[in-house]
Amino acid sequence: KKGDMMVREQARVSFLNDGGLKIMNVTKADAGTYTCTAENQFGKANGTTHLVVTEPTRIILAPSNMDVAVGESVILPCQVQHDPLLDIMFAWYFNGALTDFKKDGSHFEKVGGSSSGDLMIRNIQLKHSGKYVCMVQTGVDSVSSAAELIVRGSPGPPENVKVDEITDTTAQLSWTEGTDSHSPVISYAVQARTPFSVGWQSVRTVPEVIDGKTHTATVVELNPWVEYEFRIVASNKIGGGEPSLPSEKVRTEEAAPEIAPSEVSGGGGSRSELVITWDPVPEELQNGGGFGYVVAFRPLGVTTWIQTVVTSPDNPRYVFRNESIVPFSPYEVKVGVYNNKGEGPFSPVTTVFSAEEEPTVAPSHISAHSLSSSEIEVSWNTIPWKLSNGHLLGYEVRYWNNGGEEESSRKVKVAGNQTSAVLRGLKSNLAYYTAVRAYNSAGAGPFSATVNATTKKTPPSQPPGNVVWNATDTKVLLNWEQVKAMENESEVTGYKVFYRTSSQNNVHVLNTNKTSAELLLPIKEDYIIEVKATTDGGDGTSSEQIRIPRITSMDARGSTSAISNIHPLSGYMSVLLFFIVNALW
């Protein structure tokens with residue numbers, strides 16, 4: 001019975017032999033309570049069940065076939081309509097295998113709401129090409145939908161790269177196609193590497209453009225007698241792929257050299273020499289074994305060339321020695337090349353001068369005088385010059401002290417346009433001997449007569465003491481104790497007063513020959529003052545710094561030591577010199 005109504009067999013309803021009831025093409029009207037009653041001679045028994053009819057589960061947005069490039073991210077949709085009474089579960093299968101979202105979480109993620117099982121694939125790779133199936137299950141039914149995903153990428157590396165034929169400047173190559181990554185190869189490019197190149201370089205080929213169906217090419221414009229490796233790069237609409245493995249190393253055949261040396265020049269050297277120099281031809285441009293240079297030269301105005309051979313390919317110079325060579329005379333020079341296959345071109349003709357003649361006379365009118373306790377200035381007259389001497393490079397000043405030997409002397413050099421030099425770092429109160437000579441690229445000339453000078457004594461080590469100051473709003477009056485030099489120190493010739501504002505680095509200097517000074521200063525900010533004794537040997541030790549504060553009342557006074565009385569100056573002091581220097585303190 002259904003409810004109180006007897007159920008009778010019909011087209012959709014039939015009774016089974018075991019007493020069961022079969023209903024086909026169920027509709028909502030079939031829902032209700034069903035009771036089965038069984039009876040025999042001993043009595044009756046019945047059972048009741050409830051039939052609930054739900055809406056079927058339908059996929060309303062199914063995944064579709066897609067064509068994507070490597071590196072993109074895509075979403076395969078899977079959205080359903082289902083009966084709200086039923087729980088729903090989504091599962092994705094890739095090429096028949098259930099997708100593990102934990103294991104493959106770097107690429108796969110399930111997204112969407114309760115009625116959606118969309119699959120997101122991030123940074124898609126070639127391995128993700130295949131069939132994807134969305135499976136939806138409830139307690140009473142299941143549905144599924146499938147889609148094909150094609151991932152296209154740049155081509156894989158070509159294979160079996162071979163060099164079939166080699167000449168001095170060409171190489172015939174062949175290769176086989178690699179994987180096309182679901183996008184046909186449209187072109188190939190050839191790259192080459194040598195021991196002299198920086199990495200792999202593109203090379204010219206015939207045909208110039210190699211289409212995707214061509215698997216041979218001739219590389220042209222190679223250098224003879226150079227070891228090469230080649231590799232092939234395939235490209236499609238996605239881009240260029242990984243290069244092939246390199247071919248075996250092959251060496252091009254020999255040929256006569258085609259490049260002449262560059263930067264041909266020369267000059268210098270010793271008397272009776274002609275020095276010729278050039279930049280050696282790089283090994284990759286020598287074109288063969290047995291490489292060397294042909295050096296040709298002749299005096300300017302002479303028609304016959306003198307030739308010699310330099311067999312070392314790395315040698316950058318040749319020196320021709322002959323007593324007949326006139327110093328500093330012009331020669332025409334050119335340098336050619338050759339190897340086992342023959343001779344190559346010469347460089348353009350250039351003019352090179354033979355070696356100069358070293359100076360033959362010494363500087364005259366040498367004089368030396370002491371500048372301080374550590375410096376002596378040496379001066380001289382320039383030497384007479386002639387054409388064979390070429391270019392005067394400079395003068396060499398050699399010097400040694402009274403207790404030293406000339407052989408252990410020190411020296412300084414100055415440019416040829418100078419006629420004096422200052423010797424520094426000398427010992428105080430010591431006689432130094434010095435001599436001067438000129439030099440050029442051929443060598444040095446004779447020394448001048450020796451002269452001597454004695455460095456001055458060192459400045460006093462005692463600083464000016466008890467510096468007392470008295471300031472008004474317009475001037476500062478200073479007084480200090482006299483500095484007395486020791487026997488081994490230079491006599492005091494005067495004093496220097498250094499002063500500056502506390503906010504600036506520019507130092508003003510006042511020179512005086514007395515132990516007092518007057519500074520006309522508007523006291524609008526703090527001043528810093530120091531006093532030094534001056535001598536022929538230089539400035540002495542500085543006094544302690546004095547800071548004179550900005551005047552806020554009519555006058556102020558102070559000193560570098562604790563004193564109870566200030567003695568005013570008896571009169572105005574004479575100023576010897578006033579200038580500005582940059583402070584380094």
Side-chain angles (χ1 to χ4, degrees), residues 1-66 74-122 124 127-150:
K1 293 181 180 181
K2 178 185 177 185
D4 296 330
M5 300 288 294
M6 293 293 295
V7 177
R8 300 186 183 278
E9 285 189 299
Q10 50 181 299
R12 295 190 307 113
V13 179
S14 59
F15 296 116
L16 303 179
N17 292 334
D18 60 0
L21 178 64
K22 182 178 181 181
I23 305 174
M24 300 177 62
N25 296 326
V26 174
T27 66
K28 285 282 189 178
D30 295 320
T33 301
Y34 287 82
T35 301
C36 173
T37 301
E39 181 180 356
N40 62 15
Q41 66 270 29
F42 298 105
K44 295 181 178 180
N46 59 66
T48 301
T49 188
H50 296 279
L51 175 61
V52 178
V53 180
T54 62
E55 292 291 338
T57 303
R58 296 185 178 87
I59 296 178
I60 58 175
L61 184 57
S64 59
N65 296 339
M66 299 185 71
V74 299
I75 293 180
L76 299 179
C78 187
Q79 299 179 17
V80 300
Q81 185 180 66
H82 64 96
D83 194 292
L85 295 177
L86 299 176
D87 293 330
I88 191 168
M89 292 180 59
F90 292 91
W92 280 92
Y93 291 83
F94 172 49
N95 289 337
L98 179 64
T99 300
D100 186 340
F101 288 95
K102 291 184 178 180
K103 181 180 178 181
D104 299 324
S106 60
H107 291 287
F108 294 111
E109 181 183 355
K110 193 184 296 181
V111 296
S114 59
S115 297
S116 175
D118 296 352
L119 175 64
M120 173 181 280
I121 309 176
R122 291 191 180 91
I124 202 163
K127 64 182 180 180
H128 295 138
S129 292
K131 182 178 181 180
Y132 289 81
V133 177
C134 177
M135 179 70 71
V136 186
Q137 289 183 320
T138 68
V140 297
D141 63 354
S142 65
V143 290
S144 64
S145 180
E148 289 286 341
L149 184 62
I150 298 176

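This is a predicted model, so every value here is computed, not measured. What you see below is based on every heavy atom in this structure, not just the backbone, and it leaves out hydrogens, waters and symmetry mates. Residue numbers run from 1 in the order of the sequence given.
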(request) Report the residue from T49, N46, T48 that forms a side chain to side chain donor-acceptor pair (under 3.5 Å) with T35. (result) T48
(message) Whether the side chain of N95 engages the backbone of K131 through a donor-acceptor N/O pair (distance < 3.5 Å, no angle test) should be reported.
(response) yes
(request) Could you give me the CA-CA distance, side-chain angles and deciding distance for R122 and I124, then say whether side-chain contact (heavy atoms from CB on, under 4.5 Å) is met? (result) CA-CA 5 Å; R122 291 191 180 91; I124 202 163; over 6 Å; no
(request) Measure from the side-chain N and O atoms of K28 to the backbone N and O of V53, and report whether any donor-acceptor pair falls under 3.5 Å. (result) yes
(request) Would you give the length of the straight line joining atom CG of L21 to atom CG of L16, rounded to the nearest 0.5 angstrom? (result) 7.5 Å
(message) Quick check against the 3.5 Å criterion: does D100 have a side-chain atom that pairs as donor or acceptor with the backbone of K103?
(response) yes
(message) Using the rule given for side-chain contact (heavy atoms from CB on, under 4.5 Å), can you reason through I60 versus V80, listing the C-alpha separation, both sets of side-chain angles and the distance that settles it, and then say yes or no?
(response) CA-CA 5 Å; I60 58 175; V80 300; 5.7 Å; no
(request) Please confirm whether the backbone N or O of F15 pairs with a side-chain atom of E9, one donor and one acceptor, at under 3.5 Å? (result) yes
(request) State whether the number of non-hydrogen atoms from other residues, nucleotides or ligands found under 6.0 Å of N40 atom CG is greater than 12. (result) yes
(message) A quick test of your reading: do over 12 heavy atoms of other residues, nucleotides or ligands sit less than 6.0 Å from CG of D18?
(response) yes
(message) Centre-to-centre under 6.0 Å for H50 and Y34, is that the case here?
(response) no
(request) Please assess F108 against W92 for the test side-chain contact (heavy atoms from CB on, under 4.5 Å), listing each intermediate value before the final yes or no. (result) CA-CA 10 Å; F108 294 111; W92 280 92; over 6 Å; no
(message) So does M24 get a backbone contact from the side chain of R12, meaning a donor-acceptor N/O pair under 3.5 Å?
(response) yes
(request) Report the C-alpha distance between L149 and N65 in whole Å, list the side-chain angles of each, state the deciding distance to 0.1 Å, and finish with yes or no for side-chain contact (heavy atoms from CB on, under 4.5 Å). (result) CA-CA 6 Å; L149 184 62; N65 296 339; over 6 Å; no
(request) Would you indicate whether Q81, at its atom CD, is surrounded by more than 12 heavy atoms from other residues, nucleotides or ligands within a distance under 6.0 Å? (result) no
(message) When you measure from the side chain of D104 to the backbone of F101, do you find a donor-acceptor pair of N or O atoms at a distance under 3.5 Å?
(response) no
Which atom pairs, donor and acceptor, lie under 3.5 Å between side-chain atoms of residues 135-142 and protein residues at least two apart or in another chain?
from: T138; atom 1: OG1; to: V140; atom 2: N; distance (Å): 3.2
from: T138; atom 1: OG1; to: D141; atom 2: N; distance (Å): 3.0
from: T138; atom 1: OG1; to: D141; atom 2: O; distance (Å): 3.1
from: T138; atom 1: OG1; to: D141; atom 2: OD1; distance (Å): 2.3
from: D141; atom 1: OD1; to: T57; atom 2: OG1; distance (Å): 3.1
from: D141; atom 1: OD2; to: T57; atom 2: N; distance (Å): 3.0
from: D141; atom 1: OD2; to: T57; atom 2: OG1; distance (Å): 3.3

(message) Treating K110 as the side-chain partner and F90 as the backbone partner, does any N or O pair qualify as donor plus acceptor under 3.5 Å?
(response) yes
